[in-house]
Amino acid sequence: MSGAVWGAATGVGSLPGGDAREAAKTVTGSFEDFPHLPELPARGPGADMVGRTAGLLAELYARVEPSGWRIGDRPGRDTRRARSWLGEDLDALEEFAQGYEGPLKVQAVGPWTLAAALELRNGEAALADPGACRDLAGSLAEGLRGHLAEVRRRVPGARPVLQLDEPSLAEVLGGRVRTASGYRTHRAVDRQLAESALREVVSAAGVPVAVHSCAPQVPFALLRRAGVAGISFDFALLTERDEESVGEAVEGGTRLLAGVVSATDGPLSDPASSVMGVRTLWRRLGLDPGTLAESVVITPSCGLAGASPGYARAALAHCVRAARSLVDNPE
């Protein structure tokens with residue numbers, strides 16, 4: 001996998017504030033070789049990651065209830081609002097990415113986090129119904145195809161990369177997602193079933209796909225079997241147990257999107273210190289330092305929606321400098 005395929009650094013997705021043009025300007029200005037489509041959840045329902053993705057679904061619709069997003073029969077005000085926010089974001093990206101050629105990342109919620117977050121008519125998560133999970137994965141795959149085609153139309157030089165956000169995947173696999181009452185948990189989803197739904201969405205996309213989770217216990221091996229090209233994670237949550245899977249992923253050509261820069265306000269260390277852990281891991285795994293630049297993309301540890309605007313801009317710039325340090329001094 002050559003270093004030219006993806007850039008050296010990018011953002012996770014969300015940013016603070018509600019100004020789409022300002023967000024697009026920040027992202028395209030920060031990441032000259034791997035920008036992404038910003039998400040601005042502070043605007044309200046429909047701009048949040050679940051509502052935004054619900055607005056992309058094909059022939060499935062959702063509306064906001066006091067308990068969260070619930071699947072409904074027809075597109076209503078909430079669906080229209082979600083699509084309107086996304087349209088505004090795409091307009092801004094098109095304006096600031098004019099003439100851009102290279103990888104461009106767009107994000108959507110993956111099938112299992114969506115199944116854990118979207119409610120059926122009875123108020124229970126779609127996760128409780130295997131048929132609903134299947135329908136959801138199919139609808140998402142179809143909706144994402146259309147979304148990626150729209151991104152290509154607006155930024156013709158872009159090579160889209162799709163990021164599926166799966167923060168709930170480990171809980172889905174571990175049977176730790178709570179039922180509506182809160183007294184029980186949903187049964188663990190069979191790993192082969194989880195893998196096949198992910199594979200369906202990944203293969204339908206027709207572009208390289210990365211799965212992002214800033215939760216512990218990222219299932220590296222399962223994601224690789226599902227055909228992902230990259231895995232995005234909070235580097236600080238890696239344990240010794242994960243290291244072998246990480247090594248196998250790198251040797252198999254999977255790109256690592258290593259979240260090494262804090263997603264919440266705080267002092268930023270010098271760029272070389274931010275990637276020290278990545279260098280150390282490489283040495284421990286006996287991997288060639290020369291492969292670091294093409295195997296690792298530097299990102300914040302998670303989305304930046306909870307950060308102040310000033311810190312968010314500084315964190316994105318810091319990711320770029322940390323990635324440069326990794327390229328210049330891989331040892």
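We count residues from 1, following the sequence as given. Every heavy atom of this structure was used, including side-chain atoms; hydrogens, water molecules and symmetry mates were not.
Remark: the backbone N or O of A62 is paired with a side-chain donor or acceptor of T79 at under 3.5 angstrom. Side-chain atoms of K105 come within 3.5 Å of backbone atoms of G11 as a donor-acceptor pair (strictly under, hydrogens ignored). No donor-acceptor pair under 3.5 Å is formed between the side chain of W6 and the backbone N or O of P103. R159 places a side-chain N or O within donor-acceptor distance of the main-chain N or O of V5, the cut-off being under 3.5 Å. Using a distance-only test at 3.5 Å, with no hydrogens or angles considered, a donor-acceptor pair links the side chain of S30 to the main chain of T26. The backbone N or O of L304 lies less than 3.5 Å from a partner atom in the side chain of S14, making a donor-acceptor pair. Listed for the D91 side chain is no donor-acceptor partner under 3.5 Å among the backbone atoms of D89. At distances below 3.5 Å, not a single donor-acceptor pair connects side-chain atoms of T185 with backbone N or O atoms of V177. Counting only distance, with no hydrogens or angles, the side chain of R21 and the backbone of E95 share no donor-acceptor pair below 3.5 Å. Within the 3.5 Å criterion, the main-chain N or O of R80 finds no donor-acceptor partner in the side chain of S84.
Atom CG of residue L86 and atom CG of residue L90 lie 4.5 Å apart, to the nearest 0.5 angstrom. Rounded to the nearest 0.5 angstrom, M49 CE and T113 OG1 are separated by 6.0 Å. The distance from the CG atom of L326 to the CH2 atom of W282 is 8.0 Å, given to the nearest 0.5 Å. Atom CD of Q192 sits about 8.0 Å away from atom CZ of R225, to the nearest 0.5 Å. The distance from the OG1 atom of T53 to the CD atom of E39 is 7.0 Å, given to the nearest 0.5 Å. Atom OG1 of T10 and atom CG of L316 lie 8.5 Å apart (nearest 0.5 Å).
Using a 4.5 Å heavy-atom cutoff, the side chains of Y61 and D73 are not in contact. By the 4.5 Å heavy-atom criterion applied to side chains, C302 and H212 are counted as neighbours. Side-chain contact between L198 and E166 is present, with heavy atoms from C-beta onward closer than 4.5 Å. Between L164 and V228, every side-chain heavy-atom pair lies at or beyond the 4.5 Å cut-off. Between R199 and S196 there is a side-chain heavy-atom pair separated by less than 4.5 Å. Under the 4.5 Å side-chain criterion, counting only non-hydrogen atoms from C-beta, L136 is in contact with L57. W69 places a side-chain heavy atom less than 4.5 Å from the side chain of D78. Looking at L281 and L238, their side chains come closer than 4.5 Å, going by heavy atoms from C-beta outward.
A continuous path of hydrophobic side-chain contacts links V64 to L120 [ILVMFWY only; heavy atoms under 4.5 Å]. By the criterion of side-chain heavy atoms lying less than 4.5 angstrom apart, applied directly or through intervening Ile, Leu, Val, Met, Phe, Trp or Tyr residues, F34 is not grouped with L104; the two fall into different hydrophobic clusters. Under the 4.5 Å side-chain heavy-atom criterion for Ile, Leu, Val, Met, Phe, Trp and Tyr, V327 and V297 are members of distinct hydrophobic clusters. Both V201 and L37 belong to a common hydrophobic cluster when Ile, Leu, Val, Met, Phe, Trp and Tyr are linked at side-chain heavy-atom distances under 4.5 angstrom. Grouping the Ile, Leu, Val, Met, Phe, Trp and Tyr side chains by contacts below 4.5 angstrom, directly or via other members, places L148 apart from V161.
Scanning all heavy atoms of the two residues, the minimum distance from P35 to Y100 falls at CD-OH, 3.2 Å. Listed here is the closest heavy atom pair of P16 and A307: CB-O, 3.2 Å. Between A24 and F96 the shortest heavy-atom distance is CB-CD1, 3.9 Å. Annotation for L140 and G110: closest pair CD2-C, 4.0 Å, computed over non-hydrogen atoms. The heavy-atom pair separating I71 from R121 by the smallest distance is O-CG, 4.2 Å. Closest of all the heavy-atom pairs between P160 and R152 is CG-CG, 3.8 Å.
The side-chain contact (heavy atoms from CB on, under 4.5 Å) search around E244 returns E248, not counting sequence neighbours. Listed by chain and residue number, R284 satisfy the salt bridge (Lys or Arg N to Asp or Glu O under 4.0 Å) test with E243 (two or more places apart in sequence, or in another chain).
Relative orientation of the F220 and F233 rings is perpendicular, given thresholds of 30° and 60° on the angle between their planes.
With hydrogens and angles left out, the side-chain atoms of D288 and T291 include no donor and acceptor closer than 3.5 Å. At a cut-off of 3.5 Å, with distance as the only test, no side-chain donor of S245 or D242 sits close to an acceptor on the other residue. Between the side chains of E119 and S67, a donor-acceptor pair is found at a separation under 3.5 Å.
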| task | Go through the steps to decide whether E150 and R153 satisfy the test salt bridge (Lys or Arg N to Asp or Glu O under 4.0 Å), and finish with yes or no. | result | CA-CA 5 Å; E150 174 73 359; R153 187 181 69 73; 3.0 Å; yes

| task | Step by step, work out the side-chain contact (heavy atoms from CB on, under 4.5 Å) result for Q163 and H36. | result | CA-CA 10 Å; Q163 174 181 303; H36 65 90; over 6 Å; no

| request: Evaluate side-chain contact (heavy atoms from CB on, under 4.5 Å) for N329 paired with R279, printing each intermediate quantity in order. | output: CA-CA 9 Å; N329 307 299; R279 288 196 190 93; 4.0 Å; yes

| request: For the pair L118 and V50, evaluate side-chain contact (heavy atoms from CB on, under 4.5 Å) and give the outcome as yes or no after the intermediate values. | output: CA-CA 8 Å; L118 281 183; V50 172; 4.1 Å; yes

| task | Step by step, work out the side-chain contact (heavy atoms from CB on, under 4.5 Å) result for R191 and L222. | result | CA-CA 8 Å; R191 294 180 88 84; L222 182 152; 4.0 Å; yes

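Crowding of E65 atom CD: a count of heavy atoms from other residues, nucleotides or ligands under 6.0 Å exceeding 12.
The existence of a salt bridge linking E142 and R145 is confirmed by a sub-4.0 Å separation between a basic side-chain nitrogen and an acidic carboxylate oxygen.
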